[in-house]
Amino acid sequence: MFGKRLPCINLTGSRRIAMPSAAFRRVRGILWAMAMALILSFFHGVPVMANVAVSSPSVILIESSTGEVIYEINSTERRSPASITKIMTLLLTFEAIESGKVSLTDQVVTSEHASSMGGSQVYLAQGEVQTLDTMIKCIAVSSGNDASVAVAEHIAGSEEAFVALMNEKAQKLGMADTHFEDCCGLSDSDNHYTSARDVAVMSRELTVNHPEVFNYTKIWMEDITHETRQGTSSFTLSSTNKLLKQYQWATGLKTGSTSKAKYCFSATASKDGIDLIAVVMGAPDYKTRFGDAQALLTYGFNVCNIYIDENQDALAPLPVEGGTAEEAAIEYQGEFRYLDIAGNDLSAVEKVMELPETVQAPVEKGAEAGRARYFLNGTEIGSVPLVYAEDVEKARYTDYLRKVVEGFFL
């Protein structure tokens, strides 16, 4: 149509004008260019969310250091979690170690209740003693329900008390779609549930604050020794995370499956300084579980780019008026990270320092003095507080008098 000569148009009933096809093509080109410019201006900087080929009904992909969501489907849908429940068990265990309540060398005794756990287990006998370090391996590598309960009892006195701590921690983390009834995920109760988003939250809390967990989740196979009344025997822990062998950047984290939950997985991976967490829930089979997790992780690594400012540069102190000192040191509250999935050129990021010329005493250490603001293509993408690194008290009469005397002798 556009390559043909337009038909004659009767404009006034007396004069006939025909538009040559070449002229029409020029007009068409101009209109097309204007339309494309409008479309591109609208979508500039807007991330294009590709439709990742996954079959599981509930998934989420986040970047670990920032917590930013990259992709999700039904991520707040409440579902049975099976053994990915143990992520919270591991989180509370590492917190207990950090606080000094327990240590990796603790001797953990297996109770009758713990040894009676069915499902995935490492066959701990009643009265059997293992170090907490070994018990963590049993949980992280082989998903031992018996080991999970033994550790819960060691930390809190009973599984019930430990589960109460799990729910308390879930509330503190804002996990609104989560409630636990056991520490291992064996329960099929309708009151034992979580969501893909909440699993990502607790997975991030565990891996960011306790990266030593990867010393356990990266283990493919390792032998432990059972020492019981019946004698000594060796048992091989074998990882339930097949992605460790299928995906070169995999680092963890936890699998789970029951007839009710179907196949679940919280997968962690690290590549070129980018750490991702992909959560898959309700997969129909184990192959889909691992395939969906790998598809999410691969997509994430393809679209993610992170801008990092470690903020290690020294900052000039701020002049202080009416204080016991004439200036106050300031520092960054921390580093700045920005996750981009829109393909922007992050070398164009600009940092603008917002600080007063002078401040009035008193000045409190840790209080905000100003901000370092970051801009990309004219849009603010985040900021970091600039805080006082020291206290400066308000000067009293005696302080002024001392300054006058010191100045006189100098």
Side-chain angles (χ1 to χ4, degrees), residues 47 49 52 54-92 94-95 140 143 166-167 169-180 185 192-211 213-214 217 240-241 243 247 249-257 261-271 274-283 288-304 306 337-339 341:
M49 297 299 289
V52 184
V54 295
S55 302
S56 301
S58 178
V59 304
I60 193 170
L61 174 68
I62 71 168
E63 194 281 317
S64 186
S65 68
T66 61
E68 293 290 332
V69 175
I70 303 167
Y71 188 87
E72 59 185 337
I73 299 173
N74 300 325
S75 64
T76 59
E77 184 177 84
R78 294 180 176 182
R79 305 187 68 90
S80 179
S83 282
I84 55 176
T85 297
K86 296 183 178 79
I87 295 170
M88 181 61 82
T89 300
L90 289 169
L91 172 57
L92 293 185
F94 280 101
E95 287 187 343
S143 193
M166 293 170 69
N167 287 316
K169 185 66 177 181
Q171 284 188 329
K172 288 181 179 178
L173 293 175
M175 297 166 59
D177 297 301
T178 296
H179 185 268
F180 298 111
H192 185 88
Y193 57 82
T194 189
S195 66
R197 181 179 284 264
D198 283 357
V199 172
V201 168
M202 65 178 176
S203 297
R204 179 176 183 247
E205 184 76 8
L206 172 60
T207 55
V208 170
N209 294 323
H210 306 282
V213 71
F214 293 126
T217 60
T240 59
N241 181 4
L243 218 58
Y247 195 64
W249 297 289
T251 56
L253 180 64
K254 192 71 198 72
T255 63
S257 63
K262 297 184 180 178
Y263 292 84
C264 307
F265 189 20
S266 179
T268 57
S270 182
K271 178 186 177 186
I274 295 176
D275 299 313
L276 300 178
I277 299 172
V279 180
V280 173
M281 299 192 74
T288 301
R289 168 176 65 187
F290 294 124
D292 284 357
Q294 184 169 332
L296 287 165
L297 293 170
T298 299
Y299 169 73
F301 288 130
N302 284 338
V303 301
C304 283
I306 294 182
R337 285 177 177 254
Y338 172 71
L339 177 69
I341 59 174

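Because the structure is a prediction, the values reported are computed rather than measured.
- Listed by chain and number, the residues in a salt bridge (Lys or Arg N to Asp or Glu O under 4.0 Å) with E95 are K169 (sequence neighbours excluded).
- Between T194 and P81, the shortest heavy-atom distance links the atoms CG2-CB, 3.4 Å.
- Under the 4.5 Å side-chain criterion, counting only non-hydrogen atoms from C-beta, I87 is in contact with V199.
- Remark: the K254 side chain and the S143 side chain contain an N/O donor-acceptor pair separated by less than 3.5 Å.
- If you check the side chains of T251 and T268, you find a donor sitting under 3.5 Å from an acceptor.
- Taking 4.5 Å as the limit, every side-chain heavy atom of I70 sits out of range of all side-chain heavy atoms of V52.
- Side-chain contact between N241 and F290: present, with at least one pair of heavy atoms (C-beta onward) separated by less than 4.5 Å.
- With rounding to the nearest 0.5 Å, the separation of CD in E72 from CD1 in I62 is 10.5 Å.
- No hydrogens or angles considered: nothing links the side chains of K86 and T89 as a donor-acceptor pair under 3.5 Å.
- The shortest non-hydrogen separation linking S75 to V59 is CB-O, 3.9 Å.
- Across all their heavy atoms, S64 and V208 have their closest contact at OG-CG2, 3.3 Å.
- In terms of heavy-atom proximity, R337 sits nearest to I306 at NH1-CG2, 4.3 Å.
- Relative orientation of the Y299 and Y71 rings is perpendicular, given thresholds of 30° and 60° on the angle between their planes.
- Remark: side-chain polar atoms of N167 are paired, donor with acceptor, to backbone N or O of F180 under 3.5 angstrom.
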### Task
Would you check, one step at a time, whether the test side-chain contact (heavy atoms from CB on, under 4.5 Å) holds for Y263 with V280?
CA-CA 8 Å; Y263 292 84; V280 173; over 6 Å; no

### Message
Using side-chain contact (heavy atoms from CB on, under 4.5 Å), reason through H192 and T85 one step at a time and then give a plain yes or no.
### Response
CA-CA 9 Å; H192 185 88; T85 297; 3.0 Å; yes

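- Between P57 and K262, the closest side-chain pair of non-hydrogen atoms is not below 4.5 Å.
- Legend: residues meeting salt bridge (Lys or Arg N to Asp or Glu O under 4.0 Å) with R204, ordered by chain and number and at least two apart, are absent.
- Between the side chains of S58 and R79, no donor-acceptor pair of N or O atoms lies under 3.5 Å.
- Heavy atoms only, all atoms of each residue included: S83 and T255 are closest at CB-O, 3.4 Å.
- Closest non-hydrogen pair, L243 versus A250, comes out as O-CB, 3.6 Å.
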### Query
Should E63 and I341 be marked as a side-chain contact (heavy atoms from CB on, under 4.5 Å) after you check the CA-CA gap, both sets of side-chain angles, and the distance that decides it?
CA-CA 11 Å; E63 194 281 317; I341 59 174; over 6 Å; no

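- Side-chain contact check for L206 versus L253: some heavy-atom pair is nearer than 4.5 Å.
- Counting heavy atoms from C-beta on, the side chains of L339 and C304 come closer than 4.5 Å.
- I84 contributes atom CD1, which lies 12.5 Å from atom CG of L90 (distance to the nearest 0.5 angstrom).
- At a cut-off of 3.5 Å, with distance as the only test, a side-chain donor of T298 or Y247 sits close to an acceptor on the other residue.
- Taking OG from S65 and CG from L276, the interatomic distance works out to 9.5 Å, rounded to the nearest 0.5 Å.
- To the nearest 0.5 angstrom, R78 atom CZ is 12.0 Å from M281 atom CE.
- How far CZ of F214 is from OG1 of T207: 4.5 Å, rounded to the nearest 0.5 Å.
- Rounded to the nearest 0.5 Å, atoms CG (D177) and CZ (R197) are 9.5 Å apart.
- D292 places no side-chain N or O within 3.5 Å of a backbone atom of V54 that could act as its donor or acceptor partner.
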### S266 and M202: CA distance, side-chain angles, deciding distance, side-chain contact (heavy atoms from CB on, under 4.5 Å) verdict
CA-CA 10 Å; S266 179; M202 65 178 176; over 6 Å; no

